[in-house]
Student: 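Here it is, the structure in full.
Per chain, numbering begins at 1; letters A, B, ... match sequence-line order.
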Amino acid sequence: MDESTKRLLQRLMRRIQTQMLRTTLDKWGRLTGEQLRSMDFTLSKWALTEKLLAICEENELAVKHITELEMICESDVIDNPSQGMWYAFQLMDPEGTYYDAHSVELTQFKEQFKSHLRELIRHVSVKIKKHTDEAVWIRIAWGDTFSRPNHMKPTYVVHYLQTPYVFVTSLTSKQKPLLSQALVLSTRYQAIKDANLSGRKLTAIRDLLMRQYHQVFPTRYPAPIAENDQTVSNQHIEREQAEPAANRLQAACEAFGGGVLPQLQSAVYKLETKFRDHSNKTMTEREEPFKCVVKFASTNLLESLRHCASSGIASTPVTPLLSSIPLKGKNYFVITDNGPGPSSQMRQPQN
Amino acid sequence: MDGASTKGVLSHLSLLEVQARSRKSERQQPSRVKELKAKAEALRTQRDQLKAEIETHKSLQKLRASMDKQCAHEEEEDEEMAEDSENSELLRLMARHTQLKDLLHAHDIIGGYSVIKTRQGKGLCVSVTTAYNGVYLENYNLEMDLKPTVRISRDNIPPFIPLKSLAEQSNMQTDIRTLLDPLSQHLNAFAARKQQLKLVKELHKSVKVMESNALCSLLVLMFTVPREKMAVLCSLEYTDHTRCLPTRVHFECEDQGLPDSPEWKKNGSLLMETPVHKALKTMKKMGDIYSFKMPRYVEARRPLCWFDPSRAKPYGLDDGITTLPKTSHSHLRVHQLLTSLSGKFTPGTSVALTLPR
């Protein structure tokens, strides 16, 4: 095992939590039962790393095996806080009929993606794996014409076949056009665009975009929505306010969803509207739009917005500016005087 | 004398004539009067009937209006119709009858989908239910704006169902069922295929699901054939997304001839015509696939020699294995074979028998 592989394994071990280590190594399957039993999981992380390095040397594992382990960490370990932000992309304009785009098979996709990417850039290491929930995980280590693929900064791409959604993390602006081209060609769509949705948790942005959380619709017989236990301050107020409170809760849940909501961390509104304030003549008289950025940040943004609406801080019906977040599955909006429209700019992904 | 008698007869005759005439006219008058009287009576009764009908209709409308209001505000008790009980009971029934008739008519128009009005009539929320085999599965909802044009504002339909293209192809501005019916077809077929996959995983643990996809339009299963202990890969393609039966069934096996055999051709058409979990049950009964999960340690043993029942003695004993030419043998029972074998081998020889089809 050469130096770079050792460093990769060391870095990986730093990121894995000790309690998840045994299950992760088990899933990896590259250690024999005896070797696994010989690892004492009560030791310090450093000691465990040294032991694991020794075992990998013994088994003569190479870089590709270590990347397997890394992929398992990223994809299988639940709630693994990923290193960076995940960005959502959407494939546009399927070629041919709806059936053609939906009949792209996994093996077909794998072969095509690998061959297209290799055509675009020679030194690249691609690993593709399919999960039980129909997600295809792709790990790409980029190299250039002179150097070998750099495994320390891989890009992860998650695509759900038969949907137009792709989620990417750790992609530089130079690598973006190459990835976009490979994806478009292998999925039989004609273009790919930024979906203006980003977050730290992949599961959250995936659930939001693919509508996999509990949505509330107006029904004839609305089921009572479970509410948090709130201390009853005054019986009379409670009784008077029961109906308006229930209406507010229903409106809030219809706008944002019921139950547990996907965890978004921020929402950004970029305003390019004219300044409007009658008390400030100088600013109002300006011709150019007043550029301003409003950012909402929270550990669980949708939960806090829903609470604002249900407690009455934000008036119901919920303003479309806020309800567009779950409705359109975006958290970056550009608002011009003609009304909120799709963002015309592409987000610059951070490294 | 003649004048007097003539005068007497003539005058008598004329008198009689006058009498007769007056009697005739007298008889006409009462009948005509009677006729007219009868007609007047008839008309009067008709007028009374019509009046009564108008009255009933008016009170029915009032009752119906109060009934409709009653349905909207279920707590209110509207008890203003305090007429004599028999009449009001009948009226109530008649009003309810018209109400139910209107409801049925509305149900026909919206095609059995659950629809409610939202935002004071400016919007609709449609609920499409899916069911398979008598079991209700997921409910999907569509929220729609009615003004200025009919369009979908929110939905919770999964992204691999082509809602957008169905909406574009439909005539939803005039008839919403041109959108809802195809959508319901797609959703119900998807729910059925998903449920079939779930049942295959639950009921048939000996069959391994190699591949499936989100839309459940592709299923690849692996069976083990008991006789040869070989694996058969079965691909089911459901290219028609409005149906829950496959459009193509394909078998792959190490033994190239197996998919063309009559049993497997029958299995192929069985899989095309019955839902997959039921087809697998039948195939297990017929013995074409293993009912139990294959234990890992079973391996096919390599035969040491081949015994040809039509020949007198075994061949290939000295040189190990020779490939048996394909001849059509009838099935021989194992014990018959063994009895015919006894005495021809020295003890300790292991014989493997493969019965040809």
Student: Give, for atom CG of B:N213 and atom NZ of A:K130, the distance between the pair rounded to the nearest 0.5 Å.
Tutor: 7.0 Å

Student: Could you measure the distance from the CZ atom of A:R211 to the CG atom of B:D155? Nearest 0.5 Å is fine.
Tutor: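 Spacing of CZ (A:R211) from CG (B:D155) equals 6.0 Å.
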
Student: On a heavy-atom basis, which atom in A:L327 and which in B:S153 lie closest, and how many Å separate them?
Tutor: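 Scanning both residues completely, I find the closest heavy atoms to be CD1-O, 3.5 Å.
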
Student: Got a donor-acceptor contact below 3.5 angstrom from the A:Q162 side chain to the B:L215 backbone?
Tutor: yes

Student: Can you confirm whether more than 12 heavy atoms, excluding those of A:E243, are under 6.0 Å from its CD atom?
Tutor: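 Counting other residues, nucleotides and ligands, CD of A:E243 stays at 12 neighbours or fewer.
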
Student: Minimum heavy-atom separation for A:T163 and B:F160, please, with both atom names.
Tutor: CG2-CD2, 4.1 Å

Student: Which atoms of A:Y213 are under 4.5 Å from chain B, going by heavy atoms: the side chain, the backbone, both sets, or neither?
Tutor: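 Neither part.
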
Student: Counting only heavy atoms closer than 4.5 Å, note whether A:L209 contacts chain B via side chain, backbone, both or neither.
Tutor: neither

Student: Working to the nearest 0.5 Å, report the span between CG of B:N139 and CZ of A:F217.
Tutor: 10.5 Å

Student: Looking at B:S212, B:G123, B:P158, which one has more heavy-atom pairs under 4.5 Å with chain A than the rest?
Tutor: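 Most heavy-atom pairs within the cutoff with chain A belong to B:S212.
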
Student: Between B:K117, B:R154, B:E211, which residue shows the highest count of heavy-atom pairs closer than 4.5 Å to chain A?
Tutor: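 The option with the most such pairs is B:R154.
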
Student: Side chain, backbone, both or neither: which part of B:S127 has a non-hydrogen atom closer than 4.5 Å to chain A?
Tutor: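 Answer is neither: B:S127 stays 4.5 Å or more from chain A.
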
Student: Is the count of non-hydrogen atoms from other residues, nucleotides or ligands lying under 6.0 Å from B:Q173 atom CD greater than 12?
Tutor: yes

Student: Indicate the atoms forming the closest heavy-atom contact of A:P218 with B:T118, along with that distance.
Tutor: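 In this case the closest contact between A:P218 and B:T118 is CG-CG2, 3.5 Å.
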
Student: Is it true that atom NZ of B:K208 has more than 12 heavy atoms of other residues, nucleotides or ligands lying nearer than 6.0 Å?
Tutor: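 Not buried by this count: 12 neighbours or fewer within 6.0 Å.
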
